[in-house]
There are 2 protein chains.
Amino acid sequence: MKWSELSDNWCPVARTLSVVGDRWTLLILRDCYLGKSKFEEFAESSGMTRHILAERLKRLVEEGVLERRLYSAAPKRYDYVLTEKGEELRPALRIMKDWGKKHMPVRREAKA
Amino acid sequence: MKWSELSDNWCPVARTLSVVGDRWTLLILRDCYLGKSKFEEFAESSGMTRHILAERLKRLVEEGVLERRLYSAAPKRYDYVLTEKGEELRPALRIMKDWGKKHMPVRREAKA
DNA sequence: CCCATAAAGTTTTGTTTTGGAACTTATTAC
DNA sequence: GTAATAAGTTCCAAAACAAAACTTTATGGG
């Protein structure tokens, strides 16, 4: 079975993961919770490639987790803000933050 | 940057995701929380291929989230049970379950 | 003994996704 | 008119994934 077929799974956890359960996606949400909203901010903060970032943002917008917002008319610039639906995943990230602090110590320094 | 380099990120969320933030992994934990422990149970329940399942289980054991346990001496059979570290992610899955129920309605029937 | 079944993987082959880097477009500031 | 900025897009090679068959070890039935 392909991962992309999870969206109609009987299990609500699986359906949730069909939106946020792949590489990088939850890191975009982390940045949103930290107040970031711009493409360049996500790219730099997360370390993911622009290629993947663009694809993930598109999907998060399609799924109603983020909203694409025109923040500058000329030149035309868009950024991404959390919807209420997106906000409601924040507690899950909070748990992952605490879990990481407790169980995943940093072994050596990294840049990003 | 590669996803596999997240494990030493400054951000605890990123470090957590370096263990559970890829395709399928959290679905294995869901099955564990539902009481499943055997390779065949995970394979059937989640719909992932045996190939990927084997790789994910190995990593979860390496990271101390699951424990590989001999449950039959002859023939030698192993299953996988949650450690305390693994148990402590359960609240995150609970939030994802509620979120899926609320925000991700099933559009058509699926088997798995 | 011989064959089928069971469980936990491993291997193989082909397709899809990801990573890295360069390129595009529109507009402002110098 | 030239460089800088921001938000992408495009290209190619490398890595991950999907599907299916195969392996190993042992049990139970005829």
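Computed from a prediction, not measured in an experiment: that's the story for all the values here. No hydrogens, no waters, no symmetry mates; every other heavy atom, side chains included, goes into these values. A note on names: the letters A, B, ... follow the listed sequences, proteins ahead of strands, and every chain is numbered from 1.
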Contact check, residues 26-41 of chain B vs DNA chain D, heavy-atom distance under 4.0 Å, returns none
Apply salt bridge (Lys or Arg N to Asp or Glu O under 4.0 Å) to Arg94(B) and list each qualifying residue two or more places apart in sequence or on a separate chain.
-> none
Taking for each residue the nucleotide of DNA chain C bearing the nearest heavy atom, is the 5' side occupied by Lys2(B) or by Lys2(A)?
-> Lys2(A)
Quick one: list whatever passes side-chain hydrogen bond (donor to acceptor under 3.5 Å, both in side chains) with Glu67(A), sequence neighbours left out.
-> none
Applying side-chain contact (heavy atoms from CB on, under 4.5 Å) to Lys2(A) and not counting sequence neighbours gives Ser4(A), Glu5(A)
State whether the side chain of Thr83(B) and the backbone N or O of Gly64(B) hold a donor-acceptor pair below 3.5 Å, judged by distance alone.
-> yes
Spacing of Tyr78(B) atom OH relative to dA6(C) atom C1', expressed in whole Å | 17 Å
Please tabulate, one pair per line, all N/O donor-acceptor pairs under 3.5 Å involving side-chain atoms of residues 32-39 of chain B, not counting sequence neighbours.
| unit_1 | atom_1 | unit_2 | atom_2 | d |
| --- | --- | --- | --- | --- |
| Tyr33(B) | OH | Gly86(B) | O | 2.7 |
| Tyr33(B) | OH | Arg90(B) | N | 3.1 |
| Ser37(B) | OG | Asp79(B) | OD2 | 2.9 |

Between Phe42(B) (CZ) and dA7(C) (C1'), how many Å, whole number?
-> 14 Å
So the contacted stretch of DNA chain D, first to last nucleotide with an atom under 4.0 Å from a non-hydrogen atom of chain A, runs from dT5(D) to dA19(D)
Side-chain donor-acceptor contact under 3.5 Å, Ser46(B) with Arg30(B) | no
Taking only N and O in the side chain of Arg23(B), is any of them less than 4.0 Å away from OP1 or OP2 of dT18(C)?
-> yes
Thr25(B): side-chain hydrogen bond (donor to acceptor under 3.5 Å, both in side chains) partners, not counting sequence neighbours | Asp22(B), Arg56(B)
Would a hydrophobic clustering, with Ile, Leu, Val, Met, Phe, Trp and Tyr connected at side-chain separations under 4.5 Å, put Leu93(A) with Trp3(B)?
-> yes
Check for a donor-acceptor pair, side chain of Thr16(A) on one end and backbone N or O of Lys97(B) on the other, with a separation under 3.5 Å.
-> no
What string of B, S and - do you get for nucleotides 21-30 of chain C 5' to 3' if you count protein non-hydrogen atoms under 4.0 Å?
-> -B---BSS--
Qualifying ring-ring contact (aromatic ring centres under 6.0 Å, His included) pairs with a residue from residues 57-106 of chain A, counting only residues at least two apart or across chains = Trp99(A)-His103(A)
Indicate yes or no: does Arg59(A) engage Glu63(A) in a salt bridge with an N to O separation below 4.0 Å.
-> no
Within this structure, what is the CG-to-P distance between Asp79(B) and dA8(C), rounded to whole angstrom?
-> 7 Å
May I have the distance from Ile52(B) (atom CD1) to dT15(C) (atom P), rounded to whole angstrom?
-> 17 Å
With heavy atoms under 4.0 Å as the rule, sort Tyr71(B) into base, sugar-phosphate or nothing.
-> sugar-phosphate
Could you list the protein-to-nucleotides 2-4 of chain C atom pairs, N/O on both sides, closer than 3.5 Å?
none

Hits for salt bridge (Lys or Arg N to Asp or Glu O under 4.0 Å) against Lys102(B), two or more places apart or cross-chain, chain-then-number order -> Glu88(A)
Can you name the salt bridge (Lys or Arg N to Asp or Glu O under 4.0 Å) partners of Glu41(B), sequence neighbours left out?
-> none
Give the minimum heavy-atom separation between Ser7(A) and Arg15(A), together with the two atoms involved.
-> O-CD, 3.3 Å
So which one's nearest nucleotide on DNA chain C is more toward 5', Trp3(B) or Leu57(B)?
-> Leu57(B)
Nearest-angstrom distance from the residue atom CD of Glu5(A) to P of dT15(C) | 17 Å
